[in-house]
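As the structure is a prediction and not an experimental result, all values here were calculated from the model. Starting from 1, each residue takes its place in the sequence as its number.
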Amino acid sequence: MSTTGRAYGGVPAAQRAAVRRQRLVDAATTLIAEHGTSALTVHRVCRQAGLNERYYYESFPGRDDLLVAVAEDAGARLVEALVAAMASAGPEPSAQATATIGAGVDLLVADPRMTRLLEESAGHPVLARLRADLTRTLVALIQERGMSSLGIEPTPEVERDAAFAATLLLGGLVEVLTSWRAGTLPLTRDEVVARCVETFLLIGDHAVRER
């Protein structure tokens, strides 16, 4: 009799497979943080995850599939943190910016692996494509929430300008946070957040005056 799909200990097979998949993603994220993407061999990932190699191929036909999963997992966690921060903050632009930037900073502090993954994504063809996708998502999020909190009516011209500002702000924020995590910007967590918020608000105020 086939045991495919059978539950063990009350846990369905699909759920066990999902748990194994996440263990492999977490293991790969750790290896990238410690040694770069070149460390992602089947043997090393499975050893890090504490799983038999057959479980690797259960979830990932190839190395690029694992890289995609790692990037998508990190991106989903980032977007989830930012959206939750926006939802819990007050509607004022300063409150929105402080909560959102603070959430991004806190995620990098809580999981230092994210910083190395961010660095690696710039030069890897698979990760670079996914980084571009995530950038578009974040730009759209910043653009929409920024116009909403500033009370700016969306028109094609406004949306164009807002997309430019959001792209500029996001790119600068990434560089600041990368440098800060590397220790080249001697600032506290609160100082980093405050200075980034100040820049966001200055650009937002300029956009309002231009209307």
Side-chain angles (χ1 to χ4, degrees), residues 25-40 67-86 88-89 93-146 149 161-207:
V25 169
D26 289 339
T29 303
T30 297
L31 286 173
I32 290 173
E34 294 177 351
H35 307 290
T37 55
S38 60
L40 293 190
L67 280 170
V68 168
V70 167
E72 289 181 342
D73 179 72
R77 286 194 288 136
L78 177 58
V79 171
E80 181 180 359
L82 299 185
V83 170
M86 290 177 176
S88 64
S94 61
Q96 287 284 312
T98 300
T100 305
I101 295 171
V105 171
D106 291 341
L107 182 59
L108 291 180
V109 172
D111 189 351
R113 302 176 305 173
M114 297 282 283
T115 302
R116 179 64 184 271
L117 184 59
L118 188 63
E119 294 169 352
E120 289 282 319
S121 67
H124 191 282
V126 174
L127 294 179
R129 173 174 55 82
L130 293 165
R131 174 175 170 152
D133 292 341
L134 177 60
T135 296
R136 284 190 288 271
T137 297
L138 294 178
V139 164
L141 187 63
I142 294 170
Q143 176 183 347
E144 185 277 328
R145 190 53 59 100
S149 65
D161 293 344
F164 172 82
T167 302
L168 180 66
L169 289 168
L170 180 61
L173 180 60
V174 167
E175 290 302 318
V176 165
L177 295 183
T178 301
S179 298
W180 177 64
R181 291 298 295 160
T184 57
L185 285 178
L187 300 170
T188 67
R189 179 266 186 200
D190 290 346
E191 287 172 336
V192 168
V193 173
R195 294 189 184 195
C196 289
V197 167
E198 181 180 5
T199 301
F200 269 55
L201 295 179
L202 283 172
I203 292 179
D205 288 344
H206 174 74

Between [atom1] on residue [X] and [atom2] on residue [Y], distance to nearest 0.5 Å:
{"X": "D26", "Y": "D73", "atom1": "CG", "atom2": "CG", "value": "6.5 Å"}
{"X": "T178", "Y": "L173", "atom1": "OG1", "atom2": "CG", "value": "9.0 Å"}
{"X": "D106", "Y": "D111", "atom1": "CG", "atom2": "CG", "value": "12.5 Å"}
{"X": "L117", "Y": "R131", "atom1": "CG", "atom2": "CZ", "value": "9.5 Å"}
{"X": "L201", "Y": "T98", "atom1": "CG", "atom2": "OG1", "value": "7.0 Å"}
{"X": "R145", "Y": "L82", "atom1": "CZ", "atom2": "CG", "value": "10.5 Å"}

Any side-chain heavy-atom pair from [X] and [Y] closer than 4.5 angstrom?
{"X": "V193", "Y": "V197", "answer": "yes"}
{"X": "V79", "Y": "L134", "answer": "yes"}
{"X": "L67", "Y": "L40", "answer": "yes"}
{"X": "W180", "Y": "V105", "answer": "yes"}

Minimum heavy-atom separation for [X] to [Y], with atom names?
{"X": "Q96", "Y": "A89", "answer": "NE2-O, 3.7 Å"}
{"X": "V139", "Y": "A163", "answer": "CG1-O, 4.0 Å"}
{"X": "A122", "Y": "A128", "answer": "O-CB, 4.3 Å"}
{"X": "T37", "Y": "H124", "answer": "OG1-CD2, 3.7 Å"}

[X] side chain to [Y] backbone, donor-acceptor under 3.5 Å:
{"X": "S121", "Y": "L118", "answer": "yes"}
{"X": "T184", "Y": "S179", "answer": "yes"}
{"X": "S88", "Y": "A85", "answer": "yes"}

(request) Could you walk me through whether R195 and I101 pass the side-chain contact (heavy atoms from CB on, under 4.5 Å) test, one step at a time? (result) CA-CA 10 Å; R195 294 189 184 195; I101 295 171; over 6 Å; no
(request) For E191, look at atom CD and say whether over 12 heavy atoms of other residues, nucleotides or ligands are found less than 6.0 Å away. (result) yes
(request) Among M114, R113, E120, find the residue that satisfies the side chain to side chain contact (heavy atoms under 4.5 Å, CB included) test when tested with R116. (result)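 Passing option: E120.
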(request) Walk me through it: do I203 and L169 pass the test side-chain contact (heavy atoms from CB on, under 4.5 Å)? (result) CA-CA 9 Å; I203 292 179; L169 289 168; 3.3 Å; yes
